[in-house]
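Taking it in order: structure first as structure tokens, then the write-up.
Start at 1 and go down the list; that is how both ligands and their atoms are numbered. Not measured: the values here are computed from a predicted model.
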Amino acid sequence: MILKPFRMWATFAALTLVLAGPTATQAIAEDDAYPKKNPLAGNEEAIEEGARLYFKWCVACHGKHADGVSRFGDYAADLRKFWRGYPEFVRITLNGRTDRQMPPWGGVLDEDEISQIGAYLETLQLEGAVWVAH
Ligand code: HEC
């Protein structure tokens, strides 16, 4: 009888840990999950590999100049003018914007490969592009 409230408390505490634990960790992880700037920026090998990956996975919609113009017309985003900073680049590429026809690449590309694509895109950037997060 005396144990009962304790048991209830213990169950509650365990449940809280199970439910809130991962969420709390994720919330923290999300804030600084990705570095402020691309660790592979300017790396020749990464740029080359990134170009290869870009022309494999992204070119169909973002076009061969990465200007968003493809056989579908002026349809996807102009990635030469990407301005949301590197962490957002990783996040958007991983998760996509499925409500706006940008597919998620999380199951296809790992973070390293996304960095390589980013390193390639940085070489194409136009005025107004921002790759380093504030
Ligand atoms: C099926 C077509 C398609 C493919 C393939 C595709 N995208 Fe996209 N992407 C889009 C569209 C459409 C948008 C614009 C979505 C919007 O309006 O928010 C977009 C937007 C983006 C954005 C956000 C740009 C911004 O300024 O907010 C990034 C980053 C991006 N794509 C990266 C990539 C990368 C990297 C690849 C290759 C791994 C890729 N996309 C492949 C269709 C595509």
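Proximity of Ala60 to ligand 1, defined as any heavy-atom pair under 4.0 Å, is not found for any part of the residue. Contacts with ligand 1 closer than 4.0 Å are made by side-chain heavy atoms of Arg84 only, the backbone lying farther away. With a 4.0 Å heavy-atom cut-off, ligand 1 is reached by no atom of Tyr54. Contacts with ligand 1 closer than 4.0 Å are made by side-chain heavy atoms of His62 only, the backbone lying farther away. Only the side chain of Leu109 comes within 4.0 Å of ligand 1, counting heavy atoms alone; its backbone N, CA, C and O stay farther away. Residue Arg100 touches ligand 1 through backbone and side chain together, judged by heavy-atom distances below 4.0 Å.
Residues Glu113 and Trp105 fail the side-chain proximity criterion, which asks for heavy atoms closer than 4.5 Å.
Ranked by closest heavy atom to atom 43 (C) of ligand 1, the top entry among Pro104, Cys61, Ser70 is Cys61. The option with the heavy atom closest to atom 28 (C) of ligand 1, from among Ile114, Val90, Leu79, Thr98, is Leu79.
Between Trp83 and ligand 1, no N or O atom pair is found at a separation short of 3.5 Å. Between Trp57 and ligand 1, no N or O atom pair is found at a separation short of 3.5 Å.
Every residue two or more places apart in sequence or in another chain that forms a side chain to side chain contact (heavy atoms under 4.5 Å, CB included) with Glu49 is listed here: Arg52, Leu53, Gln116. Residues meeting the side chain to side chain contact (heavy atoms under 4.5 Å, CB included) test with Pro39, sequence neighbours left out: Pro35, Tyr86.
Shown in contact with Phe89 at under 4.0 Å from a heavy atom are these atoms of ligand 1, numbered in order with element: 29 (C), 35 (C). Shown in contact with Thr93 at under 4.0 Å from a heavy atom are these atoms of ligand 1, numbered in order with element: 32 (C), 35 (C).
Among protein heavy atoms, the minimum distance from atom 24 (C) of ligand 1 is reached at Ala77 CB, 3.6 Å.
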